[in-house]
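As a basis for the values below, the full set of heavy atoms in this structure was taken, side chains included, without hydrogen atoms, waters or symmetry mates. All residue numbers refer to positions in the sequence shown, counting from 1.
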Amino acid sequence: MGSRVSKQVERRKAISTEKKTLCDLHQNCGEEFPGCDYKPSDRKNWMAGINPEKVHINKIVWPGTHDSATNKIGFPAITRPFAQCQSLSIYQQLVKGTRVLDIRIQEDRRVCHGILLTYSIDVVINDVKKFLSETQSEIIILEIRTEFGHEDPPDFDKYLVDQLGEFLIHQDEHVFNKTIAELLPRRVICVWKPRKSPQAKAGSPLWNAGHLKDNWIDTDLPSTKFESNLKHLSEQPPVSTRKFFYRVENTVTPQADNPVLCVKPVTGRIHGFARLFITQCFSKGVADRLQIFSTDFIDEDFVDACVAATYARVEGKA
């Protein structure tokens with residue numbers, strides 16, 4: 001019993017130390033980067049606001065959400081706090097400016113996070129289509145994967161094509177060098193990551209797992225995650241030469257050996273340091289590698305920071 005208490009004390013000290021490390025870095029370095037003052041006048045249409053004829057796909061810093069469809073997961077006040085990573089619906093996230101969605105599903109096409117369940121994938125697709133019907137130039141990356149420990153839903157690739165066919169940007173590595181305007185009216189890059197089913201091939205309406213990569217670091221220590229993100233990002237080719245999307249996530253996640261198991265207070269340890277991360281990317285010379293930047297509980301400032309970095313690239317300021 002005593003050793004367990006001692007371990008918990010050490011864990012709390014480590015978290016406190018790491019939070020202070022980021023606060024000190026923020027105080028010393030600030031959060032100014034090229035274009036940081038830019039704010040979209042309309043987050044729902046922020047890509048249109050920058051100019052679709054100038055915005056190349058590989059120049060975008062894509063604001064994304066982690067475990068996007070968890071706003072109604074589990075049971076309120078019982079299991080939901082342990083798995084909820086977003087409080088907004090998919091439609092609300094898109095209106096706020098989110099452009100990358102991370103969806104996990106199980107065999108029956110219901111969205112899940114681990115063992116906890118929520119609504120059918122139909123809810124996600126309908127929200128996406130509603131947003132697309134209300135906008136003209138916004139591109140979405142829709143990543144859907146079979147959750148660990150589950151089987152692939154039968155014929156799921158056919159379902160996605162049936163539902164989104166007219167909007168789907170087909171798998172083609174030339175897409176990375178094209179502008180938004182050159183891709184319209186197709187507006188969804190759908191990355192389907194099954195566990196056992198065949199991967200999509202070049203030319204297919206869907207994209208395969210190799211086109212959206214990350215290095216997931218499972219930790220509740222904010223400075224550890226922050227530094228790991230920078231390290232892994234520095235190991236990637238610049239966005240101008242690579243033919244895949246690469247994601248870093250401004251999140252930390254609850255750990256079983258720590259008494260704080262609810263997502264919101266844990267991820268809050270790093271949530272406010274998104275602009276600092278972008279600033280550090282510039283400071284360390286890896287800003288040309290930043291592409292998809294995701295978070296839990298996305299807010300306006302996170303979106304604005306990603307849009308500002310995109311604007312700086314498009315205008316030749318970064």
Are side-chain N/O atoms of [X] and [Y] paired as donor and acceptor at under 3.5 Å?
X      : Y      : answer
Tyr311 : Asp304 : no
Thr179 : Lys54  : no
His174 : Asp172 : yes
Asp102 : Ser68  : no
Tyr246 : Asn215 : yes
Gln291 : Arg242 : yes
Lys129 : Gln163 : yes
Asn229 : Glu227 : no

>> So, using side chain to side chain contact (heavy atoms under 4.5 Å, CB included) as the criterion, who are the partners of Ser294 when residues are at least two apart?
In response: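 For Ser294 the side chain to side chain contact (heavy atoms under 4.5 Å, CB included) partners, ignoring immediate neighbours, are Arg247, Glu249, Ile292.
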> Which residues satisfy the side chain to side chain contact (heavy atoms under 4.5 Å, CB included) test with Asp288, sequence neighbours excluded?
Replying inline: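 Residues passing side chain to side chain contact (heavy atoms under 4.5 Å, CB included) with Asp288: Pro238.
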Test your reading of the model: is there a side-chain donor-acceptor pair from [X] to the backbone of [Y], 3.5 Å cut-off?
X      : Y      : value
Trp46  : Lys96  : no
Arg110 : Leu117 : no
Glu31  : His26  : no
Ser283 : Thr279 : no
Ser204 : Ala200 : no
Thr219 : Leu221 : yes
Lys193 : Gln199 : no

Evaluate the ring planes of [X] and [Y], with Trp represented by its six-membered ring, and classify them as parallel (under 30°), tilted (30 to 60°) or perpendicular (over 60°).
X      : Y      : value
Phe176 : Phe245 : tilted
Tyr91  : Phe131 : perpendicular
His66  : His113 : perpendicular

Heavy-atom closest contact ([X] atom, [Y] atom, distance):
X      : Y      : answer
Pro63  : Ile298 : CB-CD1, 4.5 Å
Ala308 : Gly35  : CB-O, 3.2 Å
Thr253 : Gln255 : O-NE2, 3.0 Å

Out of curiosity, [X] [atom1] to [Y] [atom2], how far, rounded to the nearest 0.5 Å?
X      : Y      : atom1 : atom2 : result
Leu183 : Ile169 : CG    : CD1   : 4.5 Å
Ile90  : Asn71  : CD1   : CG    : 7.0 Å
Ser234 : Lys231 : OG    : NZ    : 7.0 Å
Cys281 : Leu290 : SG    : CG    : 5.0 Å
Asp218 : Thr224 : CG    : OG1   : 12.0 Å
Asn51  : Ile180 : CG    : CD1   : 9.0 Å

> Same cluster for Ile105 and Leu142 if Ile/Leu/Val/Met/Phe/Trp/Tyr side chains link at under 4.5 Å?
Replying inline: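 Per the 4.5 Å side-chain linkage, Ile105 and Leu142 are co-clustered.
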> Phe293: what forms a ring-ring contact (aromatic ring centres under 6.0 Å, His included) with it, not counting sequence neighbours?
Replying inline: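 ring-ring contact (aromatic ring centres under 6.0 Å, His included) list for Phe293, sorted by chain: Phe277, Phe302.
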>> Show me the pairs that pass side chain to side chain donor-acceptor pair (under 3.5 Å) and involve residues 74-90, at least two apart or across chains.
In response: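 Residue pairs passing side chain to side chain donor-acceptor pair (under 3.5 Å), neighbours aside: Ser89-Gln92.
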>> Can you tell me if Glu134 has over 12 outside heavy atoms packed within less than 6.0 Å of its CD?
In response: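 More than 12 within 6.0 Å, yes.
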> Linking Ile, Leu, Val, Met, Phe, Trp and Tyr by side-chain heavy atoms under 4.5 Å, what else ends up with Leu88?
Replying inline: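 Besides Leu88, the hydrophobic cluster comprises nothing; the residue is isolated.
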> Hey, what else clusters with Phe82 if you join Ile, Leu, Val, Met, Phe, Trp, Tyr whenever side-chain heavy atoms sit under 4.5 Å?
Replying inline: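 So far as hydrophobic clustering goes, Phe82 is joined with Leu261.
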N/O donor-acceptor pairs under 3.5 Å from side chains in residues 147-160, not counting sequence neighbours:
{"from": "Glu147", "atom 1": "OE2", "to": "Gly114", "atom 2": "N", "distance (Å)": "2.7"}
{"from": "His150", "atom 1": "ND1", "to": "Glu107", "atom 2": "OE1", "distance (Å)": "3.2"}
{"from": "Glu151", "atom 1": "OE1", "to": "Lys196", "atom 2": "NZ", "distance (Å)": "3.4"}
{"from": "Glu151", "atom 1": "OE2", "to": "Lys196", "atom 2": "NZ", "distance (Å)": "3.3"}
{"from": "Asp152", "atom 1": "OD1", "to": "Thr146", "atom 2": "OG1", "distance (Å)": "2.6"}
{"from": "Asp152", "atom 1": "OD1", "to": "Arg195", "atom 2": "N", "distance (Å)": "2.7"}
{"from": "Asp152", "atom 1": "OD2", "to": "Arg195", "atom 2": "N", "distance (Å)": "3.4"}
{"from": "Asp152", "atom 1": "OD2", "to": "Lys196", "atom 2": "N", "distance (Å)": "2.8"}
{"from": "Asp152", "atom 1": "OD2", "to": "Ser197", "atom 2": "N", "distance (Å)": "2.7"}
{"from": "Asp152", "atom 1": "OD2", "to": "Ser197", "atom 2": "OG", "distance (Å)": "2.9"}
{"from": "Tyr159", "atom 1": "OH", "to": "Asp122", "atom 2": "OD1", "distance (Å)": "2.4"}

> What salt bridge (charged side-chain N to carboxylate O under 4.0 Å, His left out) pairs are there with at least one residue in residues 60-79, not counting sequence neighbours?
Replying inline: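 Checked against salt bridge (charged side-chain N to carboxylate O under 4.0 Å, His left out) - neighbours excluded - the pairs reaching residues 60-79 are Asp67-Arg104.
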> Which one of Val307, Ile57, Ile140, Thr310 satisfies the side-chain contact (heavy atoms from CB on, under 4.5 Å) criterion with Trp62?
Replying inline: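 Checked Val307, Ile57, Ile140, Thr310 against Trp62; only one passes side-chain contact (heavy atoms from CB on, under 4.5 Å): Ile57.
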Just to verify, what does [X] make a salt bridge (Lys or Arg N to Asp or Glu O under 4.0 Å) with, not counting sequence neighbours?
X      : result
Lys284 : none
Glu138 : Arg99
Glu182 : none

> Hey, is Glu166 close enough to Arg186 for a salt bridge, meaning N to O under 4.0 Å?
Replying inline: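 No, no charged N to carboxylate O under 4.0 Å.
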> Does the pair Lys20/Glu18 count as a salt bridge with the N-to-O cut at 4.0 Å?
Replying inline: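 No, no charged N to carboxylate O under 4.0 Å.
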> Does NZ or CZ of Lys225 fall inside the cone over Trp216's six-membered ring, less than 6.0 Å from its centre and within 45° of the axis?
Replying inline: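 Flagged: Lys225 positioned over aromatic ring of Trp216.
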In a table with atom names and distances, give each donor-acceptor pair under 3.5 Å that connects a side chain of residues 262-275 to protein atoms at least two apart or in another chain.
{"from": "Thr267", "atom 1": "OG1", "to": "Asp296", "atom 2": "OD2", "distance (Å)": "2.9"}
{"from": "Arg269", "atom 1": "NH1", "to": "Asp220", "atom 2": "O", "distance (Å)": "2.9"}
{"from": "His271", "atom 1": "NE2", "to": "Asp296", "atom 2": "O", "distance (Å)": "3.2"}
{"from": "His271", "atom 1": "NE2", "to": "Phe297", "atom 2": "O", "distance (Å)": "3.0"}
{"from": "Arg275", "atom 1": "NE", "to": "Asp301", "atom 2": "OD1", "distance (Å)": "3.1"}
{"from": "Arg275", "atom 1": "NE", "to": "Asp301", "atom 2": "OD2", "distance (Å)": "3.1"}
{"from": "Arg275", "atom 1": "NH1", "to": "Cys36", "atom 2": "O", "distance (Å)": "3.4"}
{"from": "Arg275", "atom 1": "NH2", "to": "Asp301", "atom 2": "OD1", "distance (Å)": "3.3"}

Within the 4.5 Å heavy-atom criterion, are [X] and [Y] side-chain neighbours or not?
X      : Y      : value
His56  : Lys178 : no
Leu116 : Phe75  : no
Cys29  : Gln280 : yes
Val128 : Leu101 : yes

